[in-house]
Amino acid sequence: MTIPAQTAPADSPSGRGGPRVLVAVFAVTQTIGYGVLYYTFSVLLDPIADDLHADRVHITIALTISVLAAAAAAIPVGRRLDRRGGRGLMTVGSILGAAAVLGWSQVTAVWQLYAIFALIGLAGAMSLYEAAFSVLVAVARPERRASAMLAVTIVGGFASSIFFPLTGWLNETHGWRTTLVILAILLGAVAIPSHLLAIPAGRRAAKTSRRDDGDVRRALADNGFWLLAASFVLHSAAVAAIGVLLVTYLSEAGHTATLAASLAGLLGVLSVTGRLATTALARRFGMPMITAVVFAVQAIGVAALPFLSGSVAGAAACVTAFGLGFGVATIARPAILADRYGTGRFATIAGMVAFPMTIAKALSPLGAVLLHPDLFMWTAGALCLAAAVLLAAIRSPRRPPASQRPLSPRSVREQHAGR
């Protein structure tokens, strides 16, 4: 496959917010967005179930509906981002998210909860990481993209640490309905004006759009795209299932509930360490190869857990190996896609990968509970190993002949100087 020529970004850096401003804005809005739209749910699960006279299983289905709604929106949202930029879409997504959380505070039946969470999933697709990274890829220089996304995810990684206790305290003080009203106001007050004012307007001529449509066709015709997509789908399935069932597995291995939760809590801390190490090493060895190595390390860690989980040291070692790659895919996938296929239709191409990934995240925990615990861990290890092999098998794209490459600014100046 030949690398497409770099195209003008949908969100020009000459707009209201340059890369540094956007990184700061997204670090805040993504932390609040994930805290309110995602992490709040687990804290309020029991009081909502009690109030609606429903069991936890039926309430938990709402979260699955949210994830599936986000998956369904991934490709159309990506196309919209490519053609119009992120300001309008992310602003409307923030409005929808705040309104949906307000609606959540007023539900009186389970079916209403399901409808609200479909809207929350749509709002997340429009305003959280997938959309934010598409904007950053468009405005940041190629050598700065990974660092920009890393900065956002490092701050965003504290969303659970902030919103788990905050939501718990608000619930104990005001009840779950008032808690959601307060959080909806917080989300709207911060995210709506921030996205409206900081994200530059995106405008693209029709001629440029038609030209960039070829990037999508080239990606779909590239075997490497399908290997990459399969790798991240398999990895997402393993990570999602481990994230949900790890505490239960460690508890069944004989550890106390507190120790099991503490060991699982290492995943969040280690994900930051893994992202930092991956970004630094990728500058020298390339993002695909480093990511493949990280996936392989995860495979070893999780596959060894059935043999070592009985001791605290063994369980901690396995969780550490797995946790180092827990958040790596979040920054690796957009970086690899942008480097391989350019930025002209980045959001559309990224959405095509995000769609099956998100479905895998939603369904893999349901499938995992049907397996024997040890078999589940070995299966997760096999998925991580397969993801590593697929990623390592991707060949670097061919670069166009020198005569077809766009001239650098320096070459243009030298040509003009010679005339």
Side-chain angles (χ1 to χ4, degrees), residues 30 34 38 67 70-71 74 124 128-134 136-137 145-154 156-157 159 224-244 246 267-282 285-302 321-341 346 349-365 380-394:
Q30 298 305 294
Y34 273 100
Y38 184 75
V67 175
L128 295 180
Y129 275 161
E130 294 295 333
F133 287 166
S134 295
L136 285 178
V137 163
R145 288 174 189 151
S147 297
M149 291 183 285
L150 175 65
V152 173
T153 58
I154 285 177
F225 171 82
W226 298 103
L227 292 174
L228 189 151
S231 173
F232 283 109
V233 168
L234 294 177
H235 184 259
S236 295
V239 168
I242 293 291
V244 172
L246 182 58
L267 294 177
V269 177
L270 292 166
S271 70
V272 174
T273 305
R275 288 168 181 166
L276 287 168
T278 299
T279 303
L281 292 171
F285 300 103
M287 185 64 81
M289 183 54 63
I290 293 302
T291 305
V293 171
V294 170
F295 287 178
V297 171
Q298 286 187 292
I300 295 172
V302 72
F322 186 79
L324 287 173
F326 197 65
V328 164
T330 304
I331 59 172
R333 179 170 54 88
I336 294 172
L337 289 174
D339 288 344
R340 190 173 182 87
Y341 304 112
F346 168 81
I349 296 170
M352 292 177 177
V353 180
F355 172 68
M357 279 181 61
T358 309
I359 292 178
K361 290 178 182 178
L363 300 181
S364 63
L383 292 177
C384 289
L385 181 60
V389 171
L390 290 171
L391 204 55
I394 298 175

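Worth knowing before you read on, the calculation uses all heavy atoms, side chains too, and leaves out hydrogens, waters and symmetry mates.
- Screening residues 383-393 for side-chain hydrogen bond (donor to acceptor under 3.5 Å, both in side chains) gives no qualifying pairs among residues at least two apart or on separate chains.
- A donor-acceptor pair under 3.5 Å is formed between the side chain of Tyr341 and the backbone N or O of Phe225.
- Of all heavy-atom pairs spanning Pro356 and Val353, the tightest one is CD-O, 3.2 Å.
- Between Ala332 and Thr291, the shortest heavy-atom distance links the atoms CB-OG1, 3.3 Å.
- Heavy atoms only, all atoms of each residue included: Val294 and Gly325 are closest at CG1-CA, 3.4 Å.
- Closest non-hydrogen pair, Ile394 versus Arg340, comes out as CG2-NH1, 3.5 Å.
- Residues Ala338 and Val137 approach most closely at CB-CG1, 3.8 Å, considering heavy atoms.
- For Gln30, there are no side-chain hydrogen bond (donor to acceptor under 3.5 Å, both in side chains) partners, not counting sequence neighbours.
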Donor-acceptor pairs under 3.5 angstrom involving side-chain atoms of residues 267-279: please list them, not counting sequence neighbours.
| residue | atom | partner | partner atom | Å |
| --- | --- | --- | --- | --- |
| Ser271 | OG | Gly268 | O | 2.6 |
| Arg275 | NE | Gly327 | O | 2.9 |
| Arg275 | NH1 | Thr153 | O | 3.2 |
| Thr278 | OG1 | Gly274 | O | 2.7 |
| Thr279 | OG1 | Arg275 | O | 2.8 |

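- The minimum heavy-atom distance between Pro365 and Ala362, with the atom names listed, is CD-O, 3.8 Å.
- The structure places CG of Leu391 at 8.0 Å from CE of Met289, a figure rounded to the nearest 0.5 Å.
- Distance check: Ile331 CD1 to Ile336 CD1 gives 10.0 Å after rounding to the nearest 0.5 Å.
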Determine, step by step, whether Val67 and Ile359 satisfy the side-chain contact (heavy atoms from CB on, under 4.5 Å) criterion, reporting the C-alpha distance in whole Å, the side-chain angles of both residues, the deciding distance to 0.1 Å, and the verdict.
CA-CA 7 Å; Val67 175; Ile359 292 178; over 6 Å; no
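- With sequence neighbours left out, Ala321 forms a side-chain contact (heavy atoms from CB on, under 4.5 Å) with Val297.
- Taking Ala282 as the reference, Met287 meet the side-chain contact (heavy atoms from CB on, under 4.5 Å) condition, with sequence neighbours excluded.
- Here Phe133 pairs with Tyr129 under the ring pair (Phe, Tyr, Trp, His ring centres under 6.0 Å) rule; sequence neighbours left out.
- Applying the side-chain contact (heavy atoms from CB on, under 4.5 Å) rule to Leu281 yields the partners Phe285, Ile290; only residues at least two apart in sequence or on another chain are considered.
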Could you pull out every donor-acceptor pair under 3.5 Å between side chains of residues 229-244 and any protein atom, sequence neighbours left out?
| residue | atom | partner | partner atom | Å |
| --- | --- | --- | --- | --- |
| Ser231 | OG | Ala387 | O | 2.7 |
| His235 | NE2 | Gln298 | OE1 | 2.6 |
| Ser236 | OG | Phe232 | O | 2.7 |

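- Taking the side chain as every heavy atom from C-beta outward, Phe295 and Leu385 never approach each other to under 4.5 Å.
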